[in-house]
Amino acid sequence: MPFVKIELTREGVTRGQKQQLIKGVTDLITEVLNKDPHLTHIAIQEIDTDNWGYAGEQISVLREKGITADKK
């Protein structure tokens, strides 16, 4: 029984986007590992940007500086 945990910063990921992640990861696990999708579990955890750090800074501070994870 595969279990996949996706951690994201809480920055407006929509319900539809979460559904796409759940579907996409489930399909990938099914295709690559030949696992039953009915036994595959996906958990999405959203973490406040004050509670996530990178390179010694809170993500909230990096966002204030204009640094994002968006594709350029």
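Starting from 1, each residue takes its place in the sequence as its number.
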Practice task
Quick one: list whatever passes side chain to side chain contact (heavy atoms under 4.5 Å, CB included) with Ile42, sequence neighbours left out.
Solution key: Val4, Ile6, Ile22, Val25, Thr26, Thr40

Completion exercise
The reported gap from CD in Glu11 to CG in Asp48 (rounded to nearest 0.5 angstrom) is 9.0 Å

Practice task
Working to the nearest 0.5 Å, report the span between OG1 of Thr30 and NE2 of His38.
Solution key: 9.5 Å

Practice task
State yes or no: do Phe3 and Leu8 share one hydrophobic cluster built from I, L, V, M, F, W and Y residues joined by side-chain heavy-atom distances below 4.5 Å, directly or via other members?
Solution key: no

Fill in the blank from the handout: Output for pair (Thr9 OG1, Trp52 CH2), nearest 0.5 Å, gives 6.5 Å

Practice task
Enter the distance from Gln19:CD to Ile44:CD1 here, rounded to the nearest 0.5 Å.
Solution key: 8.5 Å

Handout entry: Asn51 CG to Glu46 CD distance, which is reported to the nearest 0.5 Å
Key = 13.0 Å

Fill in the blank from the handout: Rounding to 0.5 Å, atoms CD (Gln20) and CZ (Arg15) come to a distance of 13.5 Å

Exercise for the section: Look at atom CG of Asn34 and say whether more than 12 heavy atoms of other residues, nucleotides or ligands are closer to it than 6.0 Å. Expected result: no

Exercise for the section: Is it possible for you to say whether Leu21 and Leu28 belong to one hydrophobic cluster, with membership spreading through side-chain heavy-atom contacts below 4.5 Å? Expected result: yes

Handout entry: Glu57 and Ile67, any side-chain heavy atoms less than 4.5 Å apart
Key = no

Problem - Side chains of Thr49 and Gln58 in contact at under 4.5 Å (non-hydrogen atoms) - result: no

Exercise for the section: List the atom of Lys35, the atom of Pro2, and the distance in Å for their closest heavy-atom pair. Expected result: CG-CG, 3.6 Å

Exercise for the section: Is it possible for you to say whether Val61 and Ile59 belong to one hydrophobic cluster, with membership spreading through side-chain heavy-atom contacts below 4.5 Å? Expected result: no

Exercise for the section: Answer yes or no: does atom CD of Glu31 have more than 12 heavy-atom neighbours from other residues, nucleotides or ligands under 6.0 Å? Expected result: no

